[in-house]
Every structure is written in structure tokens, then in C-alpha cells.
Amino acid sequence: MWDLISYELRRSVARKKVISLIAITVLFEVGVYVALSQIRSPRIEELISPISPILWLAGVLLPQSLLLHFIAISIASGSLSEEYEQGTVDFFLTKSITRLKFGLSKLVGGYILVAGIYLLMVLLAVSLSSLLFGAQTDLEYLPGLVGSVIFSSLTFFSVAFMSGELLRRSSLAFLVSSSVLIGSILIGAVLVFVARLTNDPAFNSIAIALPSWGATELPFLYAGTIPNASLIVQALEIFPAIPGTGIDAVVLTLGYSLISLILAFMSLLSRDIPKRVP
């Protein structure tokens with residue numbers, strides 16, 4: 001199985017799309033800290049000065065808003081669908097490899113790559129914040145925060161993995177998965193707005209139940225427990241504040257992920273395998 005996982009990692013990294021995402025990741029993290037360090041406005045410096053010891057948090061949390069989910073979608077949507085498009089699924093399954101083993105290897109390999117790209121972001125965030133803003137504090141929260149981000153990325157990684165298997169076309173799977181992400185964020189924002197207008201908490205409950213809420217909110221809920229981090233958390237959070245809990249976020253993330261993966265593997269194990277998808 002490790003040979004197949006290694007194959008998936010090499011195959012994904014060799015894709016121009018993934019190489020571009022890694023380059024964007026590096027530029028994104030470097031750009032954020034260089035921009036913050038070059039700001040000379042007295043008002044901005046007054047705001048940044050008290051939080052400079054925890055500015056590592058900005059680089060760790062910022063990708064969680066959207067970038068990391070798009071990276072997960074890009075990798076997972078092509079994991080199986082590109083094998084169908086290239087006609088290589090039939091080749092693998094003529095060997096002594098079961099469909100289940102093949103699918104699990106693709107799943108694990110892709111998810112390891114997503115985690116690896118994010119860990120590169122974390123390394124850059126901690127290094128650049130220390131280099132440009134001095135010694136960083138509260139780093140004992142870092143492992144828990146990193147774990148919550150990687151766990152949260154599972155929702156749309158699973159949705160994209162399922163889309164790739166069901167649709168068997170990488171571009172269509174990417175489009176559908178991205179639409180679910182953006183659509184649920186926009187719908188959630190509208191529902192929160194309506195809840196405030198009508199003072200009806202039912203709309204908040206519906207917003208929490210959308211896949212984007214659990215996938216984006218768990219790390220922010222965890223980061224909210226870090227001392228003096230409220231300003232950074234509020235600045236980076238794209239989803240309107242809803243009174244949900246960390247347990248809600250975990251349950252929703254597991255629920256959407258498990259449903260998506262069950263559907264994906266039901267399709268992989270039961271549908272015919274074409275020699276090549278035209």
C-alpha cells in the first residue's frame with residue numbers, strides 16, 4: 001500500500017496545478033509577512049505592536065479561510081478522475097491490487113500532500129514572524145491549532161474526492177466541489193443576516209449545518225482560546241460569527257467527510273471501470 005501512496009504523492013506533485021499551488025503558498029506566506037513588516041502608518045503600527053509576539057497565528061490561520069480548502073479540492077478532485085481520464089485505473093486493477101486498496105491509497109496519499117503543503121505554510125509563518133517581528137510566544141498552542149486546521153480540511157477534500165469518483169472528470173469535479181464551498185459560504189452569510197433581521201435562531205442553525213461552517217470554524221474556535229488573539233481571529237474570520245461550539249464543528253466535519261467517502265467508495269467498488277474516460 002505504501003508503494004501506491006508514494007505513487008500518488010509523486011503523481012500529484014508532478015502536476016503543474018499542484019506545483020503552482022505550492023509556489024502560490026510560498027508567495028502567499030512571504031507576501032503577508034513582508035507586507036505587515038513594511039507598514040509604517042502610526043495607526044497600523046499601534047495595532048500591530050501589541051500582537052507582534054503572536055503574529056505567527058496570522059500565517060497559520062489565514063490559509064484556513066479559503067486557500068487551503070481550494071488546495072484540498074484541487075488535489076482530491078483529480079486523484080481518481082485523472083486516472084480515469086488517462087486510462088490508468090484499468091492498468092492498476094489488472095495487478096494484484098483490490099479496488100479498496102487502490103482507493104484508500106489514493107485517499108491517504110492525497111491527504112498527506114494537503115497536510116504537507118499546509119505544514120510548509122506553518123513553517124514559513126513561524127520562521128518569518130520570528131525573523132521580522134521578534135520572538136514569538138504562546139507556541140504551545142501551535143500543535144493543537146495545526147491539527148484542527150488539517151482535520152478541518154478533510155470536509156472539502158472528501159467532497160472533492162467523491163466528486164472525482166462520481167463524475168470521473170477532473171475539471172467538472174473541481175468545479176462542483178468549489179461551487180459547494182463558495183455556495184455554502186455565501187448561503188451561510190445570507191442566513192446569518194436573515195437571522196439577525198428576524199431574530200429567528202433557526203436560520204443560524206441552518207447556517208451551522210452547512211458544510212462550510214464546520215470546515216472553516218473549528219480552528220478559529222480553538223484560536224479564540226489563545227490569550228490576546230481575538231484581534232487576529234476577528235480580522236481573519238470570513239464566516240459571520242454564529243454561536244456554535246467546537247463539538248458542533250467536529251461532528252459536522254466528520255459527518256460530511258464520512259458521507260462523502262462512503263459514497264465515493266460505494267461507487268468505486270460497484271461501478272464498471274472504463275479503460276479510459278473520453
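Sequential numbering from 1 along the given sequence is applied to the chain's residues.
Under the 30°/60° scheme for interplanar angles, the aromatic rings of Tyr222 and Tyr141 are found to stand perpendicular.
For the atom pair CG of Leu68 and CG of Leu62, the computed distance is 11.0 Å after rounding to the nearest 0.5 Å. Considering CG of Leu57 and CD1 of Ile51, their distance stands at 9.0 Å, rounded to 0.5 Å. Note that CD of Glu217 and CG of Leu252 are 11.5 Å apart. Values are rounded to the nearest 0.5 Å. For the atom pair Leu154 CG and Leu254 CG, the distance stands at 7.5 Å (nearest 0.5 Å). Taking CG of Leu145 as the start and CG of Leu61 as the end, the distance is 5.0 Å to the nearest 0.5 Å. Taken from CE in Met162 to CD1 in Ile262, the straight-line distance is 11.5 Å, to the nearest 0.5 Å.
Phe265 and Ile75 fall within the same hydrophobic cluster, defined by Ile, Leu, Val, Met, Phe, Trp and Tyr side-chain heavy atoms under 4.5 Å apart, directly or through other members. If you chain together hydrophobic residues whose side chains sit under 4.5 Å apart, Leu123 and Leu142 never meet in one group. Placement of Ile187 and Val194 within a single hydrophobic cluster is found when ILVMFWY residues are connected by side-chain heavy-atom separations under 4.5 Å, directly or transitively. In the hydrophobic cluster analysis, where Ile, Leu, Val, Met, Phe, Trp and Tyr join through side-chain heavy atoms closer than 4.5 angstrom, Phe151 is grouped apart from Ile208. At a threshold of 4.5 Å between side-chain heavy atoms, the hydrophobic network of Ile, Leu, Val, Met, Phe, Trp and Tyr places Met266 and Leu268 in two separate groups.
When side chains are defined from C-beta on, Tyr111 counts as touching Ile150, because their heavy atoms get closer than 4.5 Å. The closest side-chain heavy-atom distance from His69 to Thr216 is below 4.5 Å. When side chains are defined from C-beta on, Leu67 counts as touching Ile71, because their heavy atoms get closer than 4.5 Å. Using a 4.5 Å cut-off on side-chain heavy atoms (C-beta onward), Thr253 and Ser257 make contact. Looking at heavy atoms from C-beta onward, Thr245 lies out of side-chain contact with Leu221 at the 4.5 angstrom threshold. A 4.5 Å side-chain heavy-atom check between Phe156 and Ser177 finds every atom pair outside the cut-off. Between Pro211 and Val180 there is a side-chain heavy-atom pair separated by less than 4.5 Å. Annotation: side chain of Val114 is not in contact with side chain of Tyr118 (no heavy-atom distance under 4.5 Å).
Across every non-hydrogen atom of Arg169 and Glu85, the tightest pair is CA-OE2, 3.2 Å. Contact record, Pro227 with Asp138: O-OD2, 4.1 Å, taken as the closest heavy-atom pair. Closest of all the heavy-atom pairs between Ala72 and Phe157 is O-CD1, 3.7 Å. Considering every non-hydrogen atom in both Ser152 and Pro219, the closest pair reads OG-CD, 3.3 Å. The nearest pair of heavy atoms linking Ser170 to Glu82 is CB-CG, 3.8 Å. Of all heavy-atom pairs between Tyr33 and Gly59, the closest is OH-N, 2.9 Å.
Side-chain atoms of Trp56 never come within 3.5 Å of backbone atoms of Val122 as a donor-acceptor pair (strictly under, hydrogens ignored). Looking only at distances, a side-chain donor or acceptor of Gln136 sits under 3.5 Å from a matching main-chain atom of Gly134. For Lys106 (side chain) and Leu80 (main-chain N/O), no donor-acceptor pair under 3.5 Å exists by modelled atom type. With Ser105 contributing its side chain and Lys101 its backbone, the two residues share a donor-acceptor pair below 3.5 Å.
Shown here is Asn228, whose CG atom has no more than 12 heavy atoms of other residues, nucleotides or ligands within 6.0 Å. Residue Ile247 qualifies as open at atom CD1: its count of foreign heavy atoms under 6.0 Å is 12 or below.
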Worked verdict on Leu120 versus Ile117 for side-chain contact (heavy atoms from CB on, under 4.5 Å): CA-CA 5 Å; Leu120 173 61; Ile117 293 175; 5.6 Å; no
Residues Phe28, Met121; criterion side-chain contact (heavy atoms from CB on, under 4.5 Å); working and verdict: CA-CA 9 Å; Phe28 178 80; Met121 295 183 186; 5.5 Å; no
Working for side-chain hydrogen bond (donor to acceptor under 3.5 Å, both in side chains), residues Ser158 and Ser260: CA-CA 6 Å; Ser158 301; Ser260 299; 5.7 Å; no
Residue pair Leu181, Leu66: steps toward the side-chain contact (heavy atoms from CB on, under 4.5 Å) verdict: CA-CA 9 Å; Leu181 170 61; Leu66 277 179; 4.1 Å; yes
Residue pair Leu166, Val176: steps toward the side-chain contact (heavy atoms from CB on, under 4.5 Å) verdict: CA-CA 11 Å; Leu166 296 180; Val176 168; over 6 Å; no
